[in-house]
Amino acid sequence: MIKKFYPSSLYTFLRFIQSNPAPKKILDCGAGGPDPKLALFYENGFETFGIDISDDQIKEAENFCMNKNIKLNIIKGDMRNIPFESRFFGYIYSYLSMVHLSKNGTAQAINEINRVLMDGGLCYLNFLSKDDKNFDEKEETKPGEVIHKHRYEESVHTYYDDDEPDDYFHNFKIIYKEKRVILEGKYFNTGRTCVLDYIVKK
Ligand SMILES: C[S@@+](CC[C@H](N)C(=O)[O-])C[C@H]1O[C@@H](n2cnc3c(N)ncnc32)[C@H](O)[C@@H]1O
């Protein structure tokens with residue numbers, strides 16, 4: 001089988017996880033699409049769960065699972081109202097998916113993550129930086145929020161100043177924060193040039 005490699009920030013998250021005692025039960029918020037990142041955690045022995053708001057994106061992930069003969073447990077769900085009981089997960093992340101929520105929606109989703117994450121659990125989230133080249137090309141509907149047309153309909157993309165997402169994490173301890181600026185090229189197939197990564201502990 002051809003070995004698949006994943007975005008580097010997911011390996012950074014795994015490195016924090018390896019010295020954390022919470023059970024290896026993980027949720028991906030916005031888990032659908034043809035290249036489900038949950039497969040990396042599956043390969044590393046996690047019990048995986050994912051939610052996605054789009055039937056088409058879930059179908060694409062299901063095709064991936066069928067081809068690889070693996071089961072990632074991706075169901076329909078909105079990360080602003082996570083369909084799992086409180087403190088169910090040891091780990092939660094959202095890879096370039098929460099970027100589709102407004103600032104109010106993001107606050108709601110992080111509130112939900114706080115509810116379904118165990119005490120001592122870790123969460124990895126990334127945010128789009130206002131230094132991302134795409135931000136300059138669009139008109140803001142609200143501060144930091146712009147409308148993008150994508151193949152799974154129109155959606156908001158939300159951009160942040162450095163440190164601005166800190167305000168979402170009053171109930172967590174920020175244990176890692178990184179700003180990744182691409183000086184030449186883009187993040188592979190994401191089209192992104194500047195992202196803010198956060199790993200937080202409950
Ligand atoms: C850019 S794609 C990234 C998908 C995947 N994380 C990856 O890296 O391949 C964003 C995903 O977020 C999902 N999404 C957007 N809003 C959502 C919400 N409120 N709740 C759950 N999923 C959402 C979209 O349907 C889409 O599948």
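Start at 1 and go down the list; that is how both ligands and their atoms are numbered.
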Item to check | Side-chain donor/acceptor of D119 to backbone N/O of K202, under 3.5 Å | outcome: no

Checklist entry - Can a salt bridge be assigned to the pair D28 and K37 using a cut-off of 4.0 Å between side-chain N and carboxylate O? => result no

Checklist entry - Would you say ligand 1 has an N or O under 3.5 Å from any N or O of D28? => result no

Checklist entry - Should you measure from each heavy atom of G77, which atoms of ligand 1 turn up under 4.0 Å away? => result 20 (N), 21 (C)

Item to check | Atoms of ligand 1 close to S54 [distance to a heavy atom under 4.0 angstrom, numbered from 1] | outcome: 25 (O)

Item to check | For K37, atoms of ligand 1 separated by under 4.0 Å from a heavy atom | outcome: 7 (C), 8 (O), 9 (O)

Item to check | Qualifying residue for ring-ring contact (aromatic ring centres under 6.0 Å, His included) with F41, from F89, Y93, Y11 | outcome: Y93

Checklist entry - Should F127 and D197 count as side-chain neighbours, where that means a heavy-atom distance under 4.5 Å? => result no

Checklist outcome for this item: ligand 1 to D35, heavy atom cutoff 4.0 Å, flagged ligand atoms 9 (O)

Next on the checklist: Could you check whether any heavy atom of A109 sits closer than 4.0 Å to an atom of ligand 1, since that is the contact criterion I want to use?
Outcome noted: no

Checklist outcome for this item: Across all chains, not counting sequence neighbours, the side-chain hydrogen bond (donor to acceptor under 3.5 Å, both in side chains) partners of K25 are none

Checklist entry - Relative to atom 11 (C) of ligand 1, which among P36, P7, G50, S97 owns the nearest non-hydrogen atom? => result S97

Item to check | Side-chain H-bond candidate by donor/acceptor type, Y124 with S9, under 3.5 Å | outcome: yes

Checklist entry - Which hydrophobic side chains are connected to L183, either touching it within the sub-4.5 Å cutoff or through other members that do? => result V181

Checklist entry - Has K103 got its NZ or CZ under 6.0 Å from the middle of the six-membered ring of Y160, at an angle within 45 degrees of the ring axis? => result yes

Next on the checklist: Heavy-atom distances under 4.0 Å decide this one: backbone, side chain, both or neither, for M79 against ligand 1?
Outcome noted: both

Next on the checklist: Between I175 and Y198, does the side-chain contact (heavy atoms from CB on, under 4.5 Å) criterion hold? Intermediate values first, please.
Outcome noted: CA-CA 8 Å; I175 58 172; Y198 279 73; over 6 Å; no

Checklist entry - Does any N or O atom in H100 lie less than 3.5 angstrom from one in ligand 1, N or O only? => result no

Checklist entry - Does T193 offer a backbone N or O that forms a donor-acceptor pair with the side chain of D132 under 3.5 Å? => result yes

Next on the checklist: Out of A31, G30, G105, C29, who is nearest to atom 5 (C) of ligand 1 when you count heavy atoms only?
Outcome noted: G30

Checklist entry - G32: heavy atom below 4.0 Å from ligand 1, yes or no? => result yes

Next on the checklist: Can you see whether F169 has K173 sitting over its ring - NZ or CZ less than 6.0 Å from the centre and within 45° of the normal?
Outcome noted: no

Item to check | Sub-4.0 Å atoms of ligand 1 with respect to non-hydrogen atoms of D78 | outcome: 18 (C), 19 (N), 20 (N)

Checklist entry - With a 4.0 Å cut-off on heavy atoms, is G33 touching ligand 1? => result no

Checklist entry - Short list, please: which atoms of ligand 1 are under 4.0 Å from a heavy atom of L101? => result 19 (N)

Checklist entry - So which of I53, V99, D55, I82 gets nearest to atom 22 (N) of ligand 1, if we judge by its closest heavy atom? => result I53

Checklist entry - In terms of atom number and element, which parts of ligand 1 are under 4.0 angstrom from non-hydrogen atoms of L96? => result 1 (C), 3 (C), 10 (C)

Checklist entry - Out of L10, T106, D52, I58, whose heavy atom sits nearest atom 25 (O) of ligand 1? => result D52

